[in-house]
Amino acid sequence: VCSSDLAMTPEKKSKPKRSLIVIFFTFSAFCFSIFLAFFKEYLEKAKDLDPDRADVRAMLGTLYSYNAQLDDAVTELQKSVALEQGNIGNYIILGRIFRWQQKVEESIKLYKKALELEPNNTEAMVGLGRVYLNNDQWDEAEELYLKALKIDPNNLDAKDALKQLKRIKAPEANIRYNFLQSRLHDPFTGQIGNTFTDHRQTVETFLKLSPKSIFQIRYQHGLSKQFGPSNTTTNFKVNTDTASLGLIQKLPSNFKTRFRFDLSRFSNNDIINNTANLLKSENDFAGYFILSKEYRKHLWRFTLGRELFVDSNFGLTPFSTVESINTYAVSYDAGISKFFTTLAVLSVSDNSTFQKLRQDHAFRARYRLPKLQKVEFEYQFRYLSDPNTYRNTLGINFQNQISKNFRYEARYAFTASNSNLQFEDFLRNAVKLFISWDINPWVSWSTDAIATVDSLNGDNDYILNLQTYLTFRF
């Protein structure tokens with residue numbers, strides 16, 4: 001008998017089904033949470049029996065920190081430090097929690113105390129470096145990371161922290177594409193009106209001049225089109241070329257300024273086939289200035305802005321013009337709690353088309369579910385003048401971090417608008433999808449898509465807005 005006749009096909013090793021793996025890890029996480037709950041109860045009873053046990057208070061404080069009970073963790077760890085002042089681990093853990101709470105001075109003091117007791121402790125070095133990094137002290141942070149690596153060349157925390165610092169210091173370049181399309185009905189006739197499309201390509205770079213200064217250089221090319229109701233005639237087709245310079249500057253006492261100056265040139269793309277061309281090429285400027293102040297969970301912001309757009313005029317001789325909107329706004333953002341935030345905005349805009357001021361005020365409240373923090377509910381009230389318009393919006397947001405490098409956000413909002421003029425009355429449904437993917441430490445991609453449908457007397461107006469970004473860090 002030939003030996004090949006006796007050969008047998010090797011058996012394939014079966015792979016565990018994905019569902020079984022999910023069930024296993026879910027069950028393991030459930031059992032671990034039960035263990036932590038019993039262990040926490042045991043430590044609390046042990047503390048009550050002997051309040052001067054420093055090790056019990058340290059373990060309990062560490063456990064509280066894992067459960068995001070940071071205030072309770074601080075209380076227990078401070079008591080443990082007082083009872084056992086030579087324990088370096090307590091100083092490091094407490095310093096880390098203060099860093100999470102953004103209490104810079106307290107965190108630095110504890111990490112330095114740990115290094116006084118043990119000058120070559122690399123964990124304390126890296127922890128102190130992270131505090132300096134968060135406080136924009138890049139040179140001090142880098143010095144500590146390099147010192148830790150000199151002591152322990154294989155220290156993964158120090159390597160990761162140094163990579164993070166290099167990414168923060170690296171210049172960034174963005175390539176962005178934006179597409180906007182809207183089709184609106186004529187409010188007086190009820191017939192389909194003009195359709196507007198806008199394509200924009202943007203290239204910009206951000207240069208880190210210092211930990212507190214970022215310089216922006218930007219170029220944008222746009223093509224705006226407006227079609228008539230039948231989509232067979234083109235009202236205008238205009239090219240826009242914009243060069244911009246900007247600066248982001250951190251100031252003392254948690255003040256921050258941001259401004260950008262835009263110089264734009266508008267020109268006709270196709271004179272022959274358009275019915276409402278620009279009378280001539282035009283140059284104009286736009287931009288914004290923002291001054292903000294942050295204090296704990298409160299943020300105040302003052303904004304001045306100027307935007308440019310193309311508008312068509314249909315008379316005996318149709319033509320298009322470059323118009324502007326100047327906006328003046330103040331806002332207050334408050335974190336009432338971990339799950340509840342509010343935002344109030346007071347603004348006035350000056351539209352060159354209408355030659356009058358229009359008020360635009362809003363109040364927004366957001367609530368994130370404590371048990372399901374991926375879900376957030378939102379309510380917004382908005383008032384606009386000329387005509388007096390009141391808009392109420394209810395929304396729901398869902399956010400999910402699939403992996404360390406990939407996340408997405410989905411949002412649905414319903415708006416009811418009421419006004420003393422009928423054409424401002426509508427019901428709006430809006431859907432938003434945001435996706436962000438860090439392809440590697442030096443390249444990331446994101447896209448933001450919004451679809452809006454306004455309903456009025458059986459007519460539907462729609463707006464579609466798509467933005468996609470590609471970011472490079474050098």
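Treat the numbers as computed from the prediction; the structure is a model and nothing was measured.
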With a 4.5 Å limit on heavy-atom distance, are the side chains of [X] and [Y] in contact?
{"X": "Gln399", "Y": "Phe434", "answer": "no"}
{"X": "Thr240", "Y": "Arg200", "answer": "yes"}
{"X": "Asn405", "Y": "Ile439", "answer": "no"}
{"X": "Tyr132", "Y": "Ile108", "answer": "yes"}
{"X": "Pro441", "Y": "Lys163", "answer": "no"}
{"X": "Leu247", "Y": "Phe259", "answer": "yes"}
{"X": "Gln137", "Y": "Pro211", "answer": "no"}
{"X": "Thr234", "Y": "Asn273", "answer": "no"}

Does a donor on one side chain and an acceptor on the other come within less than 3.5 Å for [X] and [Y]?
{"X": "Asn194", "Y": "Asn235", "result": "yes"}
{"X": "Glu323", "Y": "Thr321", "result": "yes"}
{"X": "Ser224", "Y": "Asp198", "result": "yes"}
{"X": "Gln181", "Y": "Thr197", "result": "no"}
{"X": "Ser244", "Y": "Arg218", "result": "yes"}
{"X": "Asn460", "Y": "Ser455", "result": "yes"}

Please check this pair: side chain of [X] against backbone of [Y], looking for a donor-acceptor N/O pair closer than 3.5 Å.
{"X": "Thr195", "Y": "Phe227", "value": "no"}
{"X": "Ser210", "Y": "Lys212", "value": "yes"}
{"X": "Tyr219", "Y": "Asp241", "value": "no"}
{"X": "Lys293", "Y": "Ser253", "value": "yes"}
{"X": "Thr242", "Y": "Asp262", "value": "no"}
{"X": "Thr205", "Y": "Ile217", "value": "no"}
{"X": "Tyr145", "Y": "Arg130", "value": "yes"}
{"X": "Lys237", "Y": "Asn274", "value": "no"}
{"X": "Asp425", "Y": "Ser419", "value": "yes"}
{"X": "Arg306", "Y": "Phe285", "value": "yes"}

Worked check of side-chain contact (heavy atoms from CB on, under 4.5 Å) between Ile435 and Phe406:
CA-CA 8 Å; Ile435 299 173; Phe406 189 89; 3.6 Å; yes
Hey, could you give me the [atom1]/[atom2] distance between [X] and [Y], rounded to the nearest 0.5 Å?
{"X": "Asn388", "Y": "Asp386", "atom1": "CG", "atom2": "CG", "answer": "7.0 Å"}
{"X": "Gln380", "Y": "Phe363", "atom1": "CD", "atom2": "CZ", "answer": "10.0 Å"}
{"X": "Gln201", "Y": "Arg176", "atom1": "CD", "atom2": "CZ", "answer": "11.0 Å"}
{"X": "Phe289", "Y": "Phe261", "atom1": "CZ", "atom2": "CZ", "answer": "15.5 Å"}
{"X": "Arg99", "Y": "Asn134", "atom1": "CZ", "atom2": "CG", "answer": "6.0 Å"}
{"X": "Leu207", "Y": "Phe215", "atom1": "CG", "atom2": "CZ", "answer": "7.0 Å"}

Looking at [X], I'd like to know if its [atom1] atom is crowded, meaning that more than 12 non-hydrogen atoms belonging to other residues, nucleotides or ligands lie closer than 6.0 Å.
{"X": "Glu409", "atom1": "CD", "value": "yes"}
{"X": "Gln102", "atom1": "CD", "value": "no"}
{"X": "Lys256", "atom1": "NZ", "value": "no"}
{"X": "Glu376", "atom1": "CD", "value": "yes"}
{"X": "Lys169", "atom1": "NZ", "value": "yes"}
{"X": "Lys166", "atom1": "NZ", "value": "no"}

Side chain to side chain donor-acceptor pair (under 3.5 Å) evaluation trace for Thr471 with Asn174
CA-CA 4 Å; Thr471 302; Asn174 291 334; 2.7 Å; yes
May I have all residue pairs that pass side-chain hydrogen bond (donor to acceptor under 3.5 Å, both in side chains) and include part of residues 296-305, sequence neighbours excluded?
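Sorted pair list: His298-Tyr332.
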Test side-chain contact (heavy atoms from CB on, under 4.5 Å) applied to Trp138 and Leu133, step by step
CA-CA 6 Å; Trp138 293 354; Leu133 179 62; 3.9 Å; yes
What are the two closest non-hydrogen atoms of [X] and [Y], and how far apart are they?
{"X": "Ser403", "Y": "Gln401", "value": "O-NE2, 2.9 Å"}
{"X": "Ser267", "Y": "Leu278", "value": "N-CD1, 4.1 Å"}
{"X": "Leu308", "Y": "Ala286", "value": "CG-CB, 3.9 Å"}
{"X": "Asn155", "Y": "Leu149", "value": "O-CD2, 3.7 Å"}
{"X": "Phe206", "Y": "Arg258", "value": "CE2-NH2, 4.4 Å"}
{"X": "Ser320", "Y": "Phe236", "value": "OG-CD2, 3.3 Å"}

Please lay out, stage by stage, how Asp284 and Ser264 fare under the test side-chain contact (heavy atoms from CB on, under 4.5 Å).
CA-CA 5 Å; Asp284 206 340; Ser264 301; 5.7 Å; no
In a table with atom names and distances, give each donor-acceptor pair under 3.5 Å that connects a side chain of residues 341-349 to protein atoms at least two apart or in another chain.
from	atom 1	to	atom 2	distance (Å)
Ser347	OG	Asp360	O	2.5
Ser349	OG	Arg358	O	3.4

Stepwise side chain to side chain donor-acceptor pair (under 3.5 Å) test for Asn465 and Asn178
CA-CA 7 Å; Asn465 194 342; Asn178 176 273; 3.3 Å; yes
Pair listing, ring-ring contact (aromatic ring centres under 6.0 Å, His included) test, anchored in residues 377-404, at least two apart:
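For residues 377-404, and leaving out neighbouring residues, the ring-ring contact (aromatic ring centres under 6.0 Å, His included) pairs sorted by first residue read Tyr383-Tyr390.
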Determine, stepwise, if the pair Asp461 / Phe426 fulfils side-chain contact (heavy atoms from CB on, under 4.5 Å).
CA-CA 10 Å; Asp461 297 336; Phe426 59 79; over 6 Å; no
Answer yes or no: is there an ion pair linking Glu294 with Lys250, defined by an N-O contact shorter than 4.0 Å?
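Salt bridge: no.
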